[in-house]
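Down below is the structure, laid out as C-alpha cells.
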Amino acid sequence: MNTNQLVNIQVLLDNVTFAVLMLATALYWLSVAFRRIPLIHELGTGASAVAALTTSGLLLARWIETGHFPVSNLYESMFFLCWCVLVMHLAAERFAHQRLVGAFTMPVALGMAAFSSFALPAAMKAGGPLVPALKSNWLMMHVSVMIFSYGGLMVGSLVSIAYLVVTWGKKDLELRGSSIGAGAFQRSEAIDSPALSFALSDGGTTATLAANPVAQGLRRSDLAETLDNVSYRLIGLGFPLLTVGLIAGAVWANEAWGSYWSWDPKETWSLITWFIFAAYLHARLTRGWQGKRPAILATVGFFSVWVTYLGVNFLATGLHSYGWLFGK
Amino acid sequence: MAKQAAKPGHFLWEELKRELNTGLGSLSLAIGLFLVIAVASILGTVIPQEESLEYYQQNYPESGKVVWGFVTWRFLANLGIDNVYRTWWFLALLMLLAANLMVCTFRRQIPMLKAAKTWKFYAEPRKLSKFALNTTLALDTPDALIAQLRSRRFEVHQKEGLVYASRGLLGRVGPIIIHISLLLILGGAVIGAFGGFKTQRMTAQGQNFDLQKVELPRLSLAHLPTWHVHVNKFWIDYRPDGSIDQFHSDLSVISSEGKELKRQVIAVNEPLVFEGVTMYQASWGVNSFVMRINQSPWLTIPMQAMKGGPGGQEAWGQALPFDKRGEIAVQVVTRGLQGSLMLLPFNTRTGEPLRNAITPARVGHPVKVLGQEILIRELVGETGIQVKADPGIPFVYAGFALLMIGLAMGYLSHAQVWAICLDGQLHLAGRTNRAQLSFERELSSIVENIAGQK
C-alpha cells in the first residue's frame, strides 16, 4: 500500500469512527431513558466495539504510514486516548453489567473524535517524522502508558460521576473497596467484631439476588455500590499505570538530558493528578471520608487529567512542547 | 504504678509514641498533605518560575493593575512563589509527607500485615452471620467447598469442620512496598541534591571545557573531576526538507596529564558516561565563520545568536565594517550549519539596508558584494553539553523498580473465606478488600457449584 492509500483509509476511518460514536452515544442515552425497550443497550455496546475497531484501524494505518507508534502529535494521541477510553469502557461495562457506564463514557469518546476530526487544522493532523528529542524507544513506553492511564482514570472518574448522579440526594453509603478491606461486615451486628474500626457504616442498601435461589443468602451489591466498585477498580488500575508512565518518563528524561524530574508544567500537572488520585485511594481507607467524598475527589481528578493532557499545552511552555496545537 | 511514677521519661515516651501513631502517621494528614502539595504545585504552573526580578516587577506591579488585587511582585517574593518547588515551606511539606509515610509504614501497615497473616478459624456460626457476604447450606461436610476453593487458588486450612481459606495476601504487602519504594526515591533525591552537581557548557568545535568552576550549593558534598573534555567535532544531520534529524558531538575525555581516557560520539538520547559524570547533547549554536575578502588572510569571525529571525526561526549573525570610511557594513547571517548564508549590506548611520546588494552565499563558493569578493570557507558550530553527576540515581532507580513490583502486587485483592460445618449445616462467609464485585460473583458461583453437586 502506498502513502496515499493509507492516508485515504485514515480519513475514511476517522469519519466512520465519529459517526459510529455518535450512534453509540444516542443508543446509550435512549437505553437509559427507555429501559423497557430491549436491545438498545446491546446495540450501543456493539457500536462502541465497532468504534474501538475503527480507531484501531486508523491508528494502525498511521503507524504503517509514519513508521513510528502514533503518539507524536495531538491528532494521533487524541485518537489513541479515544481508543483507550473505548477499551476501558468495554471492560468496565463487561465487569459491571451496567448500561449506565456508556451514557457517561460515550459522549467523552465522541468529543475526542469530534475534536481531532473537526477542530484540528489539517497541518496538525498529518503524520510526520519525529524530532530528535522524541527519537527513542522510551517514547512508546512513556507516552503510550501515560495515555492508557489517562483512559483508565477518565473512565474510572466518569463512573464516579455516574455514582454521584445515582446517589444524588441520598444518604452516604458505606464504601466497600479499599486496600484494608472496609465494609465486609453487616452494620447491625458488627459491634463486637475485631475489625470494628474499619466496619462502621451508615448502612448499605441490601439487595439480594432473587433470581438465584441457591445464592440467595449472599448479599449482592446494588447499583450504587456496583458503580463505586467499578470506579475504584478502574482508578486502581489507572493509578499504577500513571505511576509507571511517570517512572518511564523520569528514566527517559534522565537518560536523555540528565534529570529525572525538572518541574516542567506537564510533569507538575501529572504529579498533581497523581496526588489527587492518591488522595482518592487513601480517602477510601478513612472513616471520616466515606460516602460521596472520594467520588468528588475522582471528579476533580477527571478535570485534572484533562489539564495534564491538554491544558498545559495551551497555558505554558516546557520540555513537553511536542505535538502541540500551536507548535513552538 | 510506682514504677511508672519513677520513670516520667517512660511515660512521656509512651505519650509521644501515641502522638506519632495517631498524628504524624495518620491518614487524614496524608490526604491533607496530598491536596495541599497539589495546590502548591498548581501555583508553580500558573506563576512563571525563576524569572528575573525585573520580570516580576513588570508583570506583577504594586500599583495600577494589580493582578487579582493582591498578587504583587513583593508578595510573590516573600512567599517564595517565584520559585515554589525550592522554597522552604514547599520542601517542609515534602519532608512532612516523608515523615508521615515513614510512621504510617512502620507503625501501622507492617503491624496490620502481621495481623492479616495470622489466619484464624471462627468456631461460632453467629460470628459468620455478621459478614455482609454469608450464607448457610444444608451440607454435612466441607469437602466440596474445599475442593472448589483449592481449584480457585485459595490456600485452605482446616481443623475439625472449621475452614479458613485465603488468596492474594500479596495484595496487602503491595501498599507497604509502594511506601518503602517512595521513601527510597525521596532518599535518592536528597542524596542527589547534596552529592551531585549539574552544569551547562557551550563549546566550539576544536575547543575544551573543564569542570573546575561549577557553582555548588552551600551544603554540597560533591567533588568535581580534574579531567577536561575536548570537542573534536560537532555536526548536525539534516533531512532533505531542511529540518533537523539529529545532533552529534564527538567528545574526548582528557586526563590532567593530557592522556585520552575515553572518546565517544554523543547525540540526543545517547549521552557519554564517565566516572559517574554524564554528558548530554542539550543545545547548539553557530560559533563563528572563517572568511576572507579578496586575497586577505583567513579571518575567524565570531557570530551571535539573533532574536526573532525571519519567521521566528533561530539565526546567528555578525556585522562587518565594509568600506574604509565606515559608512557601509555587511551583516552576515545564517540559520544553521547547512552552509547557506545571507550577506546583507546596510548603511551604518541610518541602518537602512542596501536592498540591491543583498547576496546569498554558500560555504566554499566566492561571491561578489559591492565589487568585493567574499569567500566563506566554513561555519564553525558550537555544542551545548549538559553535564551532570547524581550519586542518588541508584537509589531512585531501585525505588522505581520496587515501586512497580509493589504496584503490581497492590492490584491483587486479598480474599478470605471462612466456613463452619455444624449439625449438617455449612455456614459460610467471606470478604475481600478490593475486587468486591468479582468476589461476590465468585462466591455465588462457588455456592451454586457445591449446592449443585449435592
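Chain identifiers are assigned alphabetically (A, B, ...) following the order of the sequence lines, protein sequences preceding nucleic acid strands; residue numbering begins at 1 within each chain.
Between the side chain of B/Thr432 and the main chain of B/His414, a donor-acceptor pair closer than 3.5 Å is present. Between the B/Gln386 side chain and the B/Gly384 main chain, no donor and acceptor come within less than 3.5 Å of each other. Side chain of B/Gln281 to main chain of B/Glu270: no donor-acceptor pair is present (N/O by atom type, distance under 3.5 Å, no hydrogens or angles).
Within the 4.5 angstrom heavy-atom criterion, only side-chain atoms of B/Leu97, from C-beta onward, approach chain A. Contacts between B/Ile42 and chain A at a heavy-atom distance below 4.5 Å involve backbone atoms as well as side-chain atoms. For B/Ala435, the parts lying under 4.5 angstrom from a heavy atom of chain A are both the backbone and the side chain. Neither the backbone nor the side chain of B/Ile266 comes within less than 4.5 Å of any heavy atom in chain A. Residue B/Thr278 does not touch chain A at all, counting heavy-atom pairs closer than 4.5 Å. Contacts between A/Leu237 and chain B at a heavy-atom distance below 4.5 Å involve backbone atoms as well as side-chain atoms. In this structure, no portion of A/Val300 lies under 4.5 Å from any heavy atom of chain B. Neither the backbone nor the side chain of A/Tyr280 has a heavy atom closer than 4.5 Å to any heavy atom of chain B. Looking at B/Leu33, there are no atoms closer than 4.5 Å to chain A (heavy atoms on both sides), in backbone or side chain. At a 4.5 Å heavy-atom cutoff, the contact between B/Ala189 and chain A is made by backbone and side-chain atoms alike. At a 4.5 Å heavy-atom cutoff, the contact between B/Val396 and chain A is made by side-chain atoms alone. For B/Ser243, no part lies near chain A; criterion is any non-hydrogen pair under 4.5 Å.
Aromatic pair A/Phe239/A/Trp274: centroids less than 6.0 angstrom apart. Residues B/Trp235 and B/Phe247 place their aromatic rings such that the two centres sit no closer than 6.0 Å. Aromatic rings of B/Phe90 and A/Trp263 (six-membered ring for Trp) have centroids within the 6.0 Å cut-off, being under it.
Salt bridge absent: A/Arg233 and A/Asp228 never bring a charged side-chain N and a carboxylate O closer than 4.0 Å. By the 4.0 Å N-to-carboxylate-O rule, B/Glu440 lies too far from B/Arg431 to be salt-bridged with it.
Comparing A/Ile276, A/Thr243, A/Asn254 by heavy-atom pairs within less than 4.5 Å of chain B, the highest count is held by A/Asn254. Each of A/Trp138, A/Trp261, A/Phe95 has some count of heavy-atom pairs under 4.5 Å with chain B, and the biggest count is that of A/Phe95. When A/Leu271, A/Val251, A/Val244, A/Thr273 are compared by the number of non-hydrogen pairs under 4.5 Å with chain B, A/Val251 comes out ahead. Most heavy-atom pairs under 4.5 Å with chain A, from the set B/Val84, B/Leu403, B/Asp237, B/Val387: that is B/Leu403.
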Salt bridge (Lys or Arg N to Asp or Glu O under 4.0 Å) between B/Lys130 and B/Glu124, worked out:
CA-CA 11 Å; B/Lys130 282 175 195 159; B/Glu124 296 164 60; over 6 Å; no
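Interatomic distance, OH of B/Tyr280 versus OG of A/Ser259, reported as 8.5 Å (0.5 Å rounding).
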